[in-house]
Structure formats: structure tokens, C-alpha cells
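Treat the numbers as computed from the prediction; the structure is a model and nothing was measured.
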Amino acid sequence: MRTSFAAAWPALLLLLFTGWSGTLSGGAGAVATASGLAALLATVWFGAPADLDPLALGPRGRWLVGALLFAVLLSVASSPLPRSGRLALLLLPALLVLPASVRRAWSSAPRRRLGLTCWRVGLAGVAAWALFESLLSGEVARGTLGHHLLVVACLLPTLPVVASGARAGRGALLVRGVSALVVAALLATGSALALVGLLALVALWLRRRVRVVVGGFATLLLVVLAVGLLGPLQGEPSWGGGWRADLNSWRARIAYWEAGWQGWRERPWLGWGPGSTPWTVAERLTPQPGINPPGEVVGDLHSWPLQGLRETGLLGVSIAIWLVALWWWRRRREERGVPESLREWLALRRSARWGLVALACYSLAGVALGTLAPWVVLGLVLGVGQLAPLVDPGADRTPERRPHLVWRVYAVVAAIALMPTTLAHWHFDRALEAATEESAERHLALAVRLDPAFPLYRFASGQRPHADLAVSAFWLTEGSRAASLYRRVDLERAVQLDPLSWAAAWRLHLEDPHSAAGTYWGARAVLLEPRLLASTGFAGQPGLRTLIARQVRGWPGVDPGLRMALSDALTRSAPAASDGELILEWDGEGEPAASVYLFRRRPAPRILAAVEVDLDLADSLALPSAAALDTTSREAFAIPPADAERSRPELESN
């Protein structure tokens, strides 16, 4: 029983993190997070190697692991927001141990067969769930992971491992059935990255099965067919229509990459710290109207290499590349002159490397979103890639030495260090479920006390955000407080961080609506949200509406037809009684909650802004927001608040 449980442990880890603890929404709960951390530390306690070489890099290469940890430590120490980096540093050794734990768990032929069967059954469940949900909803496959690109990140590298092995009998049926399910789930994500990864696997297979030239032509043919198939997969009727449908997604990625590149250039050697991207990237992101929606929460740069550069700098990325190259070289060297009896072992290890190639293709433009599932999958696939050959395939088990004392000391220290943040997470969940306001405030206070550097807890409890935190909603809320000493500065920072949103601009307009600055902010807000024309603040004030209309008519970079329509509506339409509200929510219904994307926490709904409006007039306005039109220039709302005063005369004169 103990042997069977050990053999199934990698599959159980895979299922735990892809089905609950490491997913986008499921992993946002305290119980799921604590379960995942406990499973990782248990893996270290029981499955770590007997030496300090978890990646089997040899006597010299193992020091690269220490160098990587040191580079991450330097990055964390220099980070303006080190809280997430400290957690990453605590968990990195546990993730590095995963490959060695797979090698230890599958140290004999019976264990390996049982472990692979459990692996396939577990992945079949994940893939089937995603596929079934997609067929029912008619949308892209998200499954338990909560995001279609996370499905790709977790299933793509495991597909070759699933497909390797038995070639006849019942085992072959299981292999082919699970492989077909995984491929179907990948295609159901509607992601071009999934198709690119699958094509990379097909190219590798063709390279081994046929001549290189023939394989090259066949791969090219597959690419052409894939371009045509993308259309039907994404609901487009024409060849190549899928590429056009996906164009906006790639244009949004370009904006993220520009922000990431700029951030890396500012701190090239040590970066901004691991996990800092969601908290700091908005500072340098210039959204594109019609592509990036107002209030967009950017939790990921959609490029693992670029995000690694931004977060850990050249030092961390260089060591990581060196480490991966050495790992690859060591695996190839171990496989030289393999006898016929070990071909199955060789095929299994090669399948893991193929999975890593597919994952590398995905990582160039894919997401991780700060969830643990892709990293756990990566560690487990690396473990398959460094499995030891079975000297005695008939043996039930191989003698094992206990894990090195250093690993067990680490497991204890990490458990103690993670306890306060885990308890704080638990108290935050209790605050969301509290029946009374007094109970919620008590749990929030405990969460802040246990994890004072976590921005979401401070926001929920009404405390001022950290100066370097680039989350517009937090500064909008702070600037809207009646007692805020820095009200105007905070609101202008909110505009800078989210230039396509109307709420902070409207709040700045209300500070002094009849002044030159007030009319500038009022015109900006109306362009971004035309329904503000129905605000009861405009009732009985034709002069104010005329001033704002003049600003709107001269606003550069916005469609002239929209400007004229808004200007006419301002001068002609007068709101009457207040019988409704225009509301901006944090963690509202609809799109996935901002707290889930940015902070891996359950949604905590809150109203950020509420404007009283004439509901009939608001409903009658059929004008689009300038932020929703791709004809709006990128610079139209990128004017820094500090330059608004200087640029206003030009706006009025046009």
C-alpha cells in the first residue's frame, strides 16, 4: 500500500494543482492554498533526494541551483514591493525538488507502470472536464483551471508523456484514448498557442519517423492546414479568419510587452522582484483604445521570458538559461549507447523533453497568471525527463536513502514562515463570509496584522496603499475619501494608472467643476463614458455643459463624429430627476474578479464610484465610449495629469 501510494503521488500532485490548489479561482481560497502548500512541503519531506542535487546536474552543476536561489534573493532584496518575492523564494526550493521526487517515487518498474497509469487517468479527468464544459457552454475550454491558456500550459507539456508507453492491448487503448482527450481539450481552448505547441510535437515526431526533408514539408503542410482550421475553431467562416479574430489579443500582448520591456530597462540586472508584475506593470502600460478595455487588470505579461527578465533581471534569467541548458545536456549524455532493453525508458525520457519544447513554444506568448499549476506541471515533467534506468526491471522496489537533512530542515522552516500568510488568508476568507460588519472588521484586522505587506488586506480595511503599488482602483478609492489629505494627487495617480477609465477623471471634475482644470477632466470623463451626460450634476447648468462641450469638440485623437455627437448632446440634453446610478465596481459580476487575477484571493465586491443619473436619458444615449473605438489614438488619453494644464489651451483652440 505504501509503495502504491508513493507511485501515485506525482499523479495526485498533478490532479491537486490542476483541479484545485493551483488553479485561478480554486486556488484563491485559503483551504485550497493551504492544501497545496502542505502537499509541496510533504513532497520535500518524503521525496527529496539524498543529496543537494535535485535536478541531477552533477557535482559541479548542482551549484547552479544555489546560484539561482541567490539571484532570486538579491532580486527580492532590491524590490520596492518584496512581499510576493519572499513567498516565491520560500517556494522555489520545493518546486526544484519535484523532479527528484518523481525519480524517487518511480524507482522501480511496478511503481513506474502504476504511476504512469494514475497520471493518465488524472489528466483524462482534467481534459474531459474542460472539454465537456466547453461543449455545454459553447465557449473556449477553461475547465477547473479557470483560464483557457492555463489549460494549454498544463496539458501541452504532459501530452507526450501520456502518449508514450504501451503499444498493444488494453494499455494502448488507454494511451490513445487519453491522448485524444488531451488533444481535443487543447483544440477546444481556441488558442493559437495550443496549435503551435501541437505542431511542434508533430514536427518532432516526423523528424524521428521520416527523413528530415520530408518531415519539413509535412510540417509546412500542417501549418497551412492549421491556419485554415483556426477559423472554424474560433467561429470564423473563412480561411485565416481565426488569425483575424485573434489579432486583438496579439495587439494587447504588444502593449504588455512594451510595458515589460520598459520596466526591465529601468532595472536590468536584478529586476523588480519575483511576482511583482501584477502590482507594478500598470505604471508603464499605455493601453490601446478598442483593444485594452477600461479598468483592465493585467496580472501577466503573456511572455514567460520577458516576465522573467522584468522580475529577476539579467542575472536570474541568465542563470536559469544556463541551468536548463546543462540539464538538457546531462540528460542527452546519460542516454548515449543505450541498450535495446532500455528503449522504453529512453522513449519516456524523450517524451518529457518533447513536452518541454512544446511548453517553450507556448511560453513565448502564454500566461502563468501567478498560479502554481503550470510550475508544478513543469517540475513533474522535468522529473519524468530525469528518471533513472531500471537495472532490475522485475524488482518491486529499489533501496532508497532518506532525504538529505537540509531538505527536511527547509521543509520545517518554510512551514513556519508560511504560517502567518496562510492564517491571514484564512481570516480574509472569514471576513468575506462574516454575518456582521463587526465580525468582518475583526477578521480583516487580524489579516492585516499577520500579513501587513499584502495590499488587498490594507485596501479592504481602508488603509492607504503602498506608494509603489500600481493599482488604479486603490488610488481611486483613497482619493475619494473625504478626509484624504492627498485627494487630488491620489486621483491623478489613478488616472495615470488607468487612463481609459472615467471614474477618477469624473471625481477630479467634481473637485472644481467650473474651473479650467475641472472642465478638462469633465470632458475627458464624458468622452470615456457618454452616459455621464445624464448626470444630475449637469441639471440647470447650461454654462458648464457648454464649457465641457467646447473641450470635447477640440479633443485630439478621437473620432470627429463622436466628438460632434457628444458636443451636441451636451448642449441640447438636460438631465431631469435622479432615478438611477452609474456604478463602477471592484470584483463585480461578469468578468473574473480583479482580486483573483492580481492577488489570488476570493472576490470582495465593492463600489468604487457611483454617479446619480437621469435613467431615461442615460438609456437613450447610444454613443460608444472613445475607449472602445480602435480609431481612437493611443495618445488621446495618455496625457499625464501634470501636463493637462499646459495642454488645455491647445485643446480649447481646436
**OP:** Report yes or no: does D451 contribute a side-chain atom to a donor-acceptor pair with the main-chain N or O of A424 at less than 3.5 Å?
**Re:** no

Original post:
Using the benzene-type ring in the case of Trp, are the ring centres of F17 and W375 under 6.0 Å apart?
Top reply: no

**OP:** Check the pair V298, L285 against side-chain contact (heavy atoms from CB on, under 4.5 Å), reporting the backbone distance first and the verdict last.
**Re:** CA-CA 9 Å; V298 181; L285 178 66; 3.6 Å; yes

**OP:** Indicate whether any N or O donor in one side chain lies under 3.5 Å from an N or O acceptor in the other, for R253 and S249.
**Re:** yes

Original post:
Within the distance-only criterion (no hydrogens, no angle test), does the side chain of S25 pair as donor or acceptor with the backbone N or O of G146 below 3.5 angstrom?
Top reply: no

Subject >> side-chain contact (heavy atoms from CB on, under 4.5 Å) evaluation trace for I254 with W250 >> reply: CA-CA 6 Å; I254 291 173; W250 288 99; 5.7 Å; no

Subject >> CA sep, side-chain torsions, deciding dist, call: R442, E437, salt bridge (charged side-chain N to carboxylate O under 4.0 Å, His left out) >> reply: CA-CA 9 Å; R442 183 173 68 253; E437 186 175 344; over 6 Å; no

**OP:** Verify, without hydrogens or angle tests, whether D587 (side chain) and A604 (backbone) share a donor-acceptor contact under 3.5 angstrom.
**Re:** yes

Original post:
Counting distance only, does the side-chain N/O of D630 pair as donor-acceptor with the main-chain N or O of G290 below 3.5 Å?
Top reply: no

Original post:
Is a side-chain N or O of T632 found less than 3.5 angstrom from the main chain of A628, in a donor-acceptor match?
Top reply: no

Original post:
With under 30° as parallel and over 60° as perpendicular, where do the rings of H509 and F538 fit, or are they tilted in between?
Top reply: tilted

**OP:** Would you sort out whether F474 and R493 count as a side-chain contact (heavy atoms from CB on, under 4.5 Å), showing the intermediate values?
**Re:** CA-CA 10 Å; F474 290 10; R493 179 157 169 75; over 6 Å; no

Subject >> H514 side chain to Q541 side chain, donor-acceptor N/O pair below 3.5 angstrom >> reply: yes

Original post:
Taking NZ, NE, NH1 and NH2 as the nitrogens, is one of them in E258 or R634 under 4.0 Å from a carboxylate oxygen of the other?
Top reply: yes

Original post:
Between W279 (side chain) and V471 (backbone), is there a donor-acceptor pair under 3.5 Å?
Top reply: no

Original post:
Counting N and O atoms only, with roles assigned by atom type, does the side chain of E311 sit under 3.5 Å from a partner on the main chain of G275, one being a donor and the other an acceptor?
Top reply: yes

Original post:
Does NZ or CZ of R267 lie under 6.0 Å from the centre of the six-membered ring of W264, at an angle within 45° of the ring axis?
Top reply: no

**OP:** State whether the side chain of S461 and the backbone N or O of Y457 hold a donor-acceptor pair below 3.5 Å, judged by distance alone.
**Re:** yes

Original post:
Counting N and O atoms only, with roles assigned by atom type, does the side chain of S134 sit under 3.5 Å from a partner on the main chain of E139, one being a donor and the other an acceptor?
Top reply: yes

Original post:
Can the ring centroids of F459 and W475 be said to lie less than 6.0 angstrom from one another?
Top reply: no

Original post:
Given R487 and R507, is the side-chain contact (heavy atoms from CB on, under 4.5 Å) satisfied, shown in steps?
Top reply: CA-CA 10 Å; R487 186 164 54 246; R507 188 67 184 82; 4.0 Å; yes

Original post:
Regarding R524 and the six-membered ring of W521, is the cationic atom NZ or CZ under 6.0 Å from the ring centre and inside 45° of its axis?
Top reply: no

Subject >> pair F428-F454: side-chain heavy atoms closer than 4.5 Å >> reply: no

**OP:** Using atom types as modelled and distance alone, determine if a side-chain donor or acceptor of W257 lies under 3.5 Å from a backbone N or O of H302.
**Re:** yes

**OP:** In plain terms, say whether R284 and E266 are close enough for a salt bridge, that is, a side-chain N and a carboxylate O under 4.0 Å apart.
**Re:** yes

Original post:
So, are D490 and R481 salt-bridged, with charged N and O less than 4.0 Å apart?
Top reply: no

